Amino acid sequence: MEYLKNLNDQQLKAVQKIEGTVLVFAGAGTGKTKTLVSRVFNLLEHGVPPENILLMTFTNKASNEMLQRIEESGYINGKLPFVGTFHKFGNIFLSRNHHLLEGRDGNFRIIDYSEVKSIVKWILDEDEKYRKNFSSDEVIKLISKMKNSNVQSHEIEKIIIPMVYDRDIFVKLYQRYDAEMIERNLIDLDDLQILTYKILKDNKELRDKYSNYYKYIMIDEFQDTNKVQYEMLKLLLETHSNLFVVGDDDQSIYGWRGAEVTNILNFDKDFKDVTKIVLNKNYRSTKNIIEVANTLISHNKLRIEKNIISARESGEDIFHFQFDDDIAEAKFVAKEIEKLIKNGEGPEDIAILYRMNSLSFHVENALLERDIKYEIKGKKSLYMRNEIREVINILNLISNPFDDLVFLSVLKQTNGIGEQTIAIVNQLAKDEMTSIYETLKSENLSFHFKTRARYLKTLVEKIELMIDLSKNDLDKFTEEFECQFEIKNKIEKYLKKEKISKENKDKFETKLGNINDFYDLMHRFFATNRGEIRAFINMYAINGEDEDRIQAVNLLTIHLSKGLEFKHVFILGVNQGFLPSFASDNEEERRLAYVAFTRAKDKLYLIYSKQRTIYGRRQDSKPSRYLHEAELIHSARIEQNRHKTAESEGEFSVGNYVKHNKFGNGEVKHISKQGREIFLDVAFENKVRKTLISTVLQKVNS
DNA sequence: TTAGCAGTTGTTTTT
DNA sequence: CAACTGCTAA
Ligand SMILES: Nc1ncnc2c1ncn2[C@@H]1O[C@H](COP(=O)(O)OP(=O)(O)OP(=O)(O)O)[C@@H](O)[C@H]1O
């Protein structure tokens, strides 16, 4: 059998074990994914019906790739296995079964981050108390954390949040949020998992049906599964217990969104009769790359030691260099890539990795300058930009004027309508127990709104005009859309004004360009597909733009690079504060660097600089501690602390009392300086300890 | 009642 | 840099 030929003994052993529980535990590039796919082939070869196989991947991209390989294997003639993310599984499951939840019926709509945010903001505005204690981002983060840890809003005793926050108020917010989601029949990304779990848990018959159907369950990147996924998995295993998972604790990089590495570390104890297979031969990278990666990751304490050995030649040395600033960095990278391509390398074999999306900026310019094609993976796509959201909000409203959430967003962005008017509209609709659209149509507007009635009336008329047009003449739709709502026109008018700064001019010109691009897409879509508006929105909202098979240099974050491999890998911003990030200098950051290093097959470039821009300001920046730890640079005294510490700095000294408007009073324990900013390590009276920038703190006398 | 300006603040990663 | 807050003229 072809698929068994290129496997080593250990891989073969894993592939050929058909029944029971298997854990493939192995470091980067040792062939875990390859083993997983081969095992699917082996199951099919042994006559397992494809539809009885459930294969969970971490990203949609990974699942598409695997599915393609399975389809091309020749074992498939009818049904396919389920290959996808837990989210996709949840989406399909809920489409069939969400009516089993109390208060849910009909078709739900999945909302993205920006809509979650506007719901949370509406809720926060309901009560002064809410607004004083939480920002919308905090609430979103905490609710997401709860949902990923499998804590629902009615399980009050299980809701545990950091001490800084008022727990009682948070419980109320979480419950309000859930109520709102049910009321509007909306589902957020976390709901796709937790609600699936809840339904399976509460409905024995359904659970039996599913767990009987999926005879073989497999999971890739098991180190990054969270609590809900783990519990859901156990429910699905009730009938057959044929489980095959692969993972690497050293590559667990999603702890911040609830992934629990203990799922893989305690796997042998938590499941019975586990066959554990360890792979340690790396087929991907040269010896030099693996040596550096191994040296770095050995600094982590919370890990299981693996000794990975490269099956390849020593290869080229690791390139590392400190440039003057991020622009010099970018220029070098672009020049080097141009050289590689001239020497016959494919641009798609080259990747530029970074910790933060904002780091791609200068490299993009440098690549553009040299006319090198590149592709940014997962960048805030066109449709997430504010000016495009405005267009999409209106499109959404035209496609369904009864959706109040969308209506409120459109009201908010409409000239002439503001806070007061929106509050009244919202209240009126609530009183009438009907949608905003119907309220605005049936009520005597001039009675309630005086001068603002006119604005509301024209908005409704415009929407209705466009609804009509969308049914009759999609060819003219885009043109008429701009005529009615003047999204472009507003910006053009602004640009014609006398006194605008250069920055603003640039900013608004990009906005204009974005809108033009989007109108183009819209027009082309409506010209070719005589489809509905909804189809257009879904295409961009859910799938994003097609980003496949272009011959271009890859630009992506380290998080997105997990599971991928490239011949040449450039890592940008290998500086203290960037990798590791300012916000967290922990073992997960080191794992992130390990993942980045081990993506490279042939050559690894570590790029760092003396100065970097952040929030539009230039700052001095030191080389990353990981360069020392990987023994790439050696200095007489390795600086253990990431900041220079001092007894006093500016107006602050160690022992001072300071006040923060959220955390309260506390004592300064350490002072450090980075660039021009002063950071204070403060022990607050409520037992929270934090390092904060001095500008948010006030000195108090004690 | 709203738009627009000026001033402040926070540091990240995503299905 | 971008998101948010508070103030003021119209
Ligand atoms: N037995 C083998 N012989 C030759 N090449 C192999 C073998 N096993 C795997 N490879 C190759 O090694 C590379 C890495 O394999 P794979 O992506 O499956 O590793 P992985 O363990 O999933 O890596 P990671 O954890 O970094 O995602 C691939 O290019 C694969 O084709």
Side-chain angles (χ1 to χ4, degrees), chain A residues 56-63 84-91 110 112-114 117 121 131 135-138 140-141 144 147-148 188-193 221 224-226 228-229 253-259 353-359 361 377-380 384-386 412-424 449-452 455 490 494 497 499-501 503-504 506-507 542 544 556-562 573 577-586 588-589 591-592 595-596 612-617 619 661-662 674-675 677 679 691-697:
Chain A
M56 298 294 202
T57 60
F58 192 75
T59 61
N60 284 315
K61 193 175 157 58
S63 62
T85 60
F86 276 95
H87 288 91
K88 186 172 162 195
F89 179 79
N91 190 180
I110 300 173
D112 63 20
Y113 182 80
S114 69
K117 191 156 181 165
K121 278 195 203 150
R131 261 159 58 89
S135 72
S136 57
D137 283 330
E138 285 169 334
I140 294 169
K141 260 201 196 125
S144 178
K147 288 185 176 177
N148 279 298
D188 67 28
L189 288 163
D190 299 318
D191 288 333
L192 290 174
Q193 304 186 107
E221 310 279 8
D224 278 323
T225 49
N226 65 26
V228 198
Q229 294 167 344
I253 54 174
Y254 283 88
W256 52 273
R257 68 165 209 210
L353 309 183
Y354 35 81
R355 175 66 227 267
M356 286 175 267
N357 283 307
S358 57
L359 260 61
F361 182 77
K377 303 254 151 93
K379 197 194 176 184
K380 234 193 179 182
M384 278 301 279
R385 307 191 151 274
N386 271 329
K412 204 171 172 182
Q413 73 192 35
T414 303
N415 269 342
I417 297 171
E419 220 177 335
Q420 308 286 323
T421 314
I422 292 174
I424 301 171
F449 299 102
K450 303 192 177 85
T451 56
R452 302 293 136 183
Y455 293 97
K490 261 187 283 178
Y494 179 88
K497 283 204 301 190
K499 45 160 194 157
I500 41 172
S501 63
E503 294 153 33
N504 275 343
D506 284 356
K507 213 162 78 185
I542 295 168
L556 63 166
T557 61
I558 300 171
H559 280 92
L560 285 177
S561 76
K562 192 177 63 162
F578 293 81
L579 183 68
S581 145
F582 296 109
S584 53
D585 185 355
N586 53 29
E588 184 158 306
E589 286 299 298
R591 293 196 288 269
L592 205 50
V595 169
R612 310 202 69 88
T613 6
I614 184 157
Y615 298 137
R617 302 165 107 182
Q619 274 206 346
N661 51 20
K662 182 153 280 165
Q674 209 184 37
E677 315 295 355
F679 289 85
T691 302
L692 297 159
I693 193 160
S694 62
T695 48
V696 300
L697 295 162

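Bear in mind the structure is a predicted one, so any value in this text is a computation, not a measurement.
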Check: protein-nucleotides 8-10 of chain C nitrogen or oxygen pairs below 3.5 Å:
none

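When heavy atoms are screened at a 4.0 angstrom cut-off, A/Thr57 is found touching no nucleic acid atom at all.
Residue A/Leu189 has its side chain nearest to B/dT15 when only B/dT15, B/dT14, B/dT11 are considered. Here the side chain of A/Leu560 is nearest to one of B/dT15, B/dT12, B/dT1, namely B/dT15. For A/Lys117, the listed nucleotide lying nearest its side chain is C/dC4; candidates were C/dC4, B/dT2, B/dT11. When distances are taken from the side chain of A/Ser581 to each of B/dT15, B/dT14, B/dT12, the shortest belongs to B/dT12. Among the nucleotides B/dT13, B/dT1, B/dT12, the one closest to the side chain of A/Thr557 is B/dT13. When each of C/dC1, B/dT14, C/dC4 is scored by its nearest atom to the side-chain atoms of A/Tyr615, the top-ranked nucleotide is C/dC1. Among B/dT15, C/dC4, B/dT12, the nucleotide with an atom closest to any side-chain atom of A/Ser136 is C/dC4.
Comparing A/Ile417 and A/Glu588 by the nucleotide of DNA chain B that holds the closest heavy atom to each, the one mapping nearer the 5' end is A/Ile417.
By the side chain to side chain donor-acceptor pair (under 3.5 Å) test, A/Arg257 is found to be paired with no residue, residues two or more places apart in sequence or in another chain being considered. With sequence neighbours left out, the side-chain contact (heavy atoms from CB on, under 4.5 Å) criterion links A/Thr59 to A/Lys61, A/Ala62.
Between A/Tyr254 atom OH and B/dT14 atom C1' the separation is 6 Å, expressed in whole Å.
In terms of polar N and O atoms assigned as donor or acceptor, the side chain of A/Arg355 comes within less than 3.5 Å of the base of B/dT13 in a complementary pairing.
Side-chain contact check for A/Tyr254 versus A/Asn226: every heavy-atom pair is 4.5 Å or farther apart. Using a 4.5 Å cut-off on side-chain heavy atoms (C-beta onward), A/His559 and A/Arg355 make contact.
Annotation for A/Phe361: atom CZ does not count as buried by contact number, only 12 or fewer foreign heavy atoms lying within 6.0 Å.
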